[in-house]
Amino acid sequence: MILREYKNILDAEFMKGFIRMANDGWELGWHERNGGNLSYRIKPEEVEQVRGYFSPKEWREIGTSVPKLAKEFFLVTGSGKFFRNVSIKPEDSLCIIELDDKGENYRIVWGLVNGGKPTSELPSHLMNHEVKMLATGGAHRVIYHAHTTNVIALTFVLPLEDKVFTRELWEMATECPVVFPEGIGVVPWMVPGGRDIAVATSRLMEKYNVAIWAHHGMFASGEDFDLTFGLMHTVEKSAEILVKMLSMQPNKRQTITTQDFRDLAKDFNVNLPEEFLE
Ligand code: 2HA
Ligand code: ZN
């Protein structure tokens with residue numbers, strides 16, 4: 001008798017990590033209906049582990065150009081798919097795409113078994129991946145977009161400035177300047193889904209790991225699922241504290257001061273940009 005190991009593609013560690021992260025975001029209330037999207041740049045050795053399950057479809061335009069990502073493979077959520085369903089029907093909700101040798105077209109090689117396309121925010125995801133891959137020497141692999149309630153609420157009452165959001169969110173929880181020392185960028189309201197918002201977001205991602213989309217949500221970038229989810233979670237929790245504080249009274253009676261931040265930066269060995277400490 002010939003013994004064969006029928007390993008399911010869903011048993012791959014990166015699949016399990018992706019699905020768990022999507023479900024965690026759903027459970028935290030960040031993914032109403034089809035809101036939000038997630039993408040992961042698959043490691044070459046992981047591609048080889050699952051290549052036997054690929055059946056390539058036709059090439060299609062990305063809608064922007066990401067030459068540095070030529071021939072890379074990504075696991076992404078599908079356009080119009082609900083995060084709520086990712087864990088129970090991943091092969092219907094997700095797909096693996098391959099980029100061509102110019103970084104201008106993609107083709108689905110696995111998933112979306114009932115038809116469909118990758119996330120409507122594919123240009124933003126891929127442009128962010130390109131920027132973060134270059135900025136981190138390839139370390140960053142996860143881009144996450146979520147409709148985080150408290151951050152969205154704050155975009156109606158705070159000035160839409162990087163400095164204001166960074167400083168206010170740093171002040172709301174002592175861990176924040178350690179988790180996102182480089183600060184946070186803010187994109188004014190723009191039409192989602194296209195190249196313009198992708199360009200605006202990826203410019204901010206050259207400097208930051210988090211970009212807020214006014215009246216819409218957030219993008220976060222990170223090395224793996226834990227760090228990227230943890231970053232989104234930390235920023236959103238800080239925003240929740242700020243919303244609660246502002247709901248009690250408009251002014252802080254006391255807070256973490258500029259000198260406190262300098263002391264923290266020294267002891268925790270993080271570099272806090274001077275522009276946020278003035
Ligand atoms: O519906 O979140 O930004 C998916 C989105 C679009
Ligand atoms: Zn969105």
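Each ligand, and each atom within it, is numbered from 1 in the order the structure gives.
- Looking at Gly36 next to ligand 1, an N or O pair under 3.5 Å apart turns up.
- Which parts of ligand 1 touch His145 is read off a 4.0 Å heavy-atom cut-off, strictly below it: atoms 2 (O), 3 (O).
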*asked:* The test is ring-ring contact (aromatic ring centres under 6.0 Å, His included); show your working for His216 and His147 and say whether it passes.
replied: CA-CA 6 Å; His216 185 145; His147 294 177; 4.8 Å; yes
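- Nearest protein heavy-atom contact of atom 6 (C) of ligand 1 is Glu121 OE2, 3.1 Å.
- Ring-centre distance between His31 and Phe82: not below the 6.0 Å cut-off.
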For residues 103-112, dump all side-chain donor-acceptor pairs below 3.5 Å to protein atoms at least two apart in sequence or in another chain.
{"from": "Asn105", "atom 1": "ND2", "to": "Asp100", "atom 2": "OD2", "distance (Å)": "2.8"}
{"from": "Arg107", "atom 1": "NE", "to": "Glu98", "atom 2": "OE1", "distance (Å)": "3.0"}
{"from": "Arg107", "atom 1": "NH2", "to": "Glu98", "atom 2": "OE1", "distance (Å)": "3.1"}

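- The shortest distance between side-chain heavy atoms of Phe54 and Val47 falls below 4.5 Å.
- When heavy-atom distances to ligand 1 are checked against a 4.0 Å cut-off, Asn37 comes that close only through its side chain, counted from C-beta outward.
- Looking at His147 and the Zn ion (ligand 2) together, the shortest N, O or S contact belongs to NE2.
- For Lys57, the NZ atom counts as densely surrounded, since its 6.0 Å shell holds more than 12 non-hydrogen atoms of other residues, nucleotides or ligands.
- Side-chain rings of His125 and Phe219 approach one another, their centers coming within less than 6.0 Å.
- Geometrically, ligand 1 and Ser120 share no nitrogen or oxygen pair separated by less than 3.5 Å.
- Listed by atom number, the atoms of ligand 1 under 4.0 Å from Asn34 heavy atoms are 1 (O), 4 (C).
- The neighbour count for Lys89 NZ, taken as heavy atoms of other residues, nucleotides or ligands under 6.0 Å away, does not exceed 12.
- For the residues His147, Lys81, Glu32, the heavy atom positioned nearest atom 2 (O) of ligand 1 is part of His147.
- Among heteroatoms of the N, O or S kind in His216, NE2 lies nearest the Zn ion (ligand 2).
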